[in-house]
Amino acid sequence: MPTRYNSTFQNPTFSLMLKLDTLINRWIRPEIRAISAYHVPDSSGLIKLDAMENPYTWPEAMVNEWQVLLSKAPVNRYPDPAASRLVNSLRKEMAIPDEMGVMLGNGSDELIQIIAQAVARPDESIMSPTPSFVMYQMIATFVGMSFIGVPLNEAFALDIESMLMAIKTQQPAVIFLAYPNNPTGNLFNDGDIEKILEVAEGVVVIDEAYHAFAGQSWMGRLGEYPNLLVMRTVSKLGLAGLRLGFLVGPNGWIEQFDKVRLPYNINTLTQMTAEFALANIEIFNEQTRSIREQRESLMQQLNQIEGITPYPSAANFILFRVEKGLSNAIFNGIKERGVLIKNMGQSDGPLSDCLRVTVSSEAENHCFVEALKATLK
Ligand SMILES: *Cc1c(COP(=O)(O)O)cnc(C)c1O
């Protein structure tokens with residue numbers, strides 16, 4: 001049957017769009033409408049130094065062995081919901097204390113989401129220092145909680161007095177501490193973290209996404225505090241495509257969080273591949289050792305460039321400051337020369353004039369340094 005439109009809107013598409021807008025405004029929460037989606041820039045044709053990926057691939061023999069393994073993957077079946085074999089491999093290779101519980105996530109992003117969903121109440125909050133990993137705040141918003149960001153000091157260390165004060169007055173349900181911190185690259189002071197653990201009534205999650213590059217960990221200290229949990233991911237280690245993170249802590253917490261996890265969140269291919277990769281962990285240890293060496297070399301090179309101030313890093317990236325007002329131009333100049341890094345300096349605040357580069361292979365780092373120098377000329 002033909003549709004009839006009233007005379008006000010000759011254009012059916014226009015009236016439909018108005019209606020669509022009204023519906024969206026009515027149903028989508030204002031705080032969701034207000035944020036912009038997590039933006040992943042197009043990197044085609046560029047050297048990709050924006051996302052802390054490991055640049056190295058696997059030896060051919062290992063790839064062949066892996067392909068044979070995957071050819072037998074029972075993809076007609078649901079995955080093992082507990083991923084028991086993979087959990088056992090992780091326990092062994094990551095020195096997870098026997099008495100602690102483990103929960104796997106589709107990346108540690110999903111673990112942050114699961115933790116938040118389990119504690120979400122409109123009057124409760126999630127806290128982290130700022131600047132830090134943006135997903136803490138985004139996920140707090142997604143689950144309808146408030147987010148409390150406590151600014152780091154000028155050296156990007158914890159402002160411990162403000163932090164303790166904020167914890168005492170607000171008692172957040174969860175505190176996330178990225179260790180080392182992204183995007184600043186530093187490790188927070190362990191004594192400060194101890195104070196936080198003592199004062200906080202909520203869960204304190206030490207996010208060790210960059211563990212492979214840090215040389216320090218809280219994993220061995222699990223059990224010392226009832227509210228301490230440690231989260232890691234295999235992404236920065238060299239397996240970002242698998243989407244696998246793990247949360248470790250007292251069984252009581254893990255059992256509760258595990259109820260919120262969707263049953264088959266770690267797919268069969270990821271389970272098999274991660275287990276295979278962990279059986280070949282020395283390849284990854286060698287790659288990350290090489291990246292740590294490259295980090296020191298890149299740091300020296302950046303230190304020698306006039307107008308560039310790099311910050312110390314215990315991760316596989318380096319944050320650096322450029323001269324005032326130049327971050328956009330320098331970011332674009334480097335990009336025009338074929339290298340994509342991350343521009344942190346678009347807004348005012350502690351990261352104005354800052355850029356972040358992933359530490360890669362010697363060859364890619366060289367391309368970046370040359371692009372930076374040519375841009376500064
Ligand atoms: C990259 C990153 C994550 C996310 O890791 P995935 O496992 O890939 O989701 C978590 N925390 C920090 C601090 C990160 O930098």
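Order of listing sets the numbers, starting from 1, for every ligand and every atom in it.
Taking the six-membered ring where tryptophan is involved, the planes of Phe133 and Tyr136 are perpendicular, since the angle between them exceeds 60° and thus also 30°. Ring geometry for Tyr179 versus Trp218: interplanar angle over 60°, hence perpendicular rather than tilted (30 to 60°). The aromatic rings of Phe320 and Phe368 are tilted relative to each other, their planes meeting at an angle between 30° and 60°.
Residue Ser235 places at least one N or O, backbone or side chain, under 3.5 Å from an N or O of ligand 1.
For the residues Thr233, Asn106, Asp207, the heavy atom positioned nearest atom 11 (N) of ligand 1 is part of Asp207. Within the set Pro183, Ala209, Ser108, the minimum heavy-atom distance to atom 6 (P) of ligand 1 is found for Ser108. Proximity annotation for atom 3 (C) of ligand 1: of Met52, Met231, Lys236, Lys236 comes nearest, heavy atoms only.
Within ligand 1, counting atoms from 1 as listed, the ones closer than 4.0 Å to a heavy atom of Tyr210 are 1 (C), 14 (C), 15 (O). The ligand atoms of ligand 1 that sit less than 4.0 angstrom from a heavy atom of Asp109 are 4 (C), 9 (O).
Distance alone, capped at 3.5 Å, is enough to place a donor-acceptor pair between the Arg295 side chain and the Ala315 backbone. The main-chain N or O of Met165 is found under 3.5 Å from a side-chain atom of Thr169 such that the two form a donor-acceptor pair.
Checked options Glu93, Glu286, Lys92; the residue passing with Ile281 is Glu93 (criterion: side-chain contact (heavy atoms from CB on, under 4.5 Å)).
Of the protein's non-hydrogen atoms, the one nearest atom 10 (C) of ligand 1 is Phe133 CE2, 3.3 Å.
At least one heavy atom of Arg243 sits closer than 4.0 Å to an atom of ligand 1.
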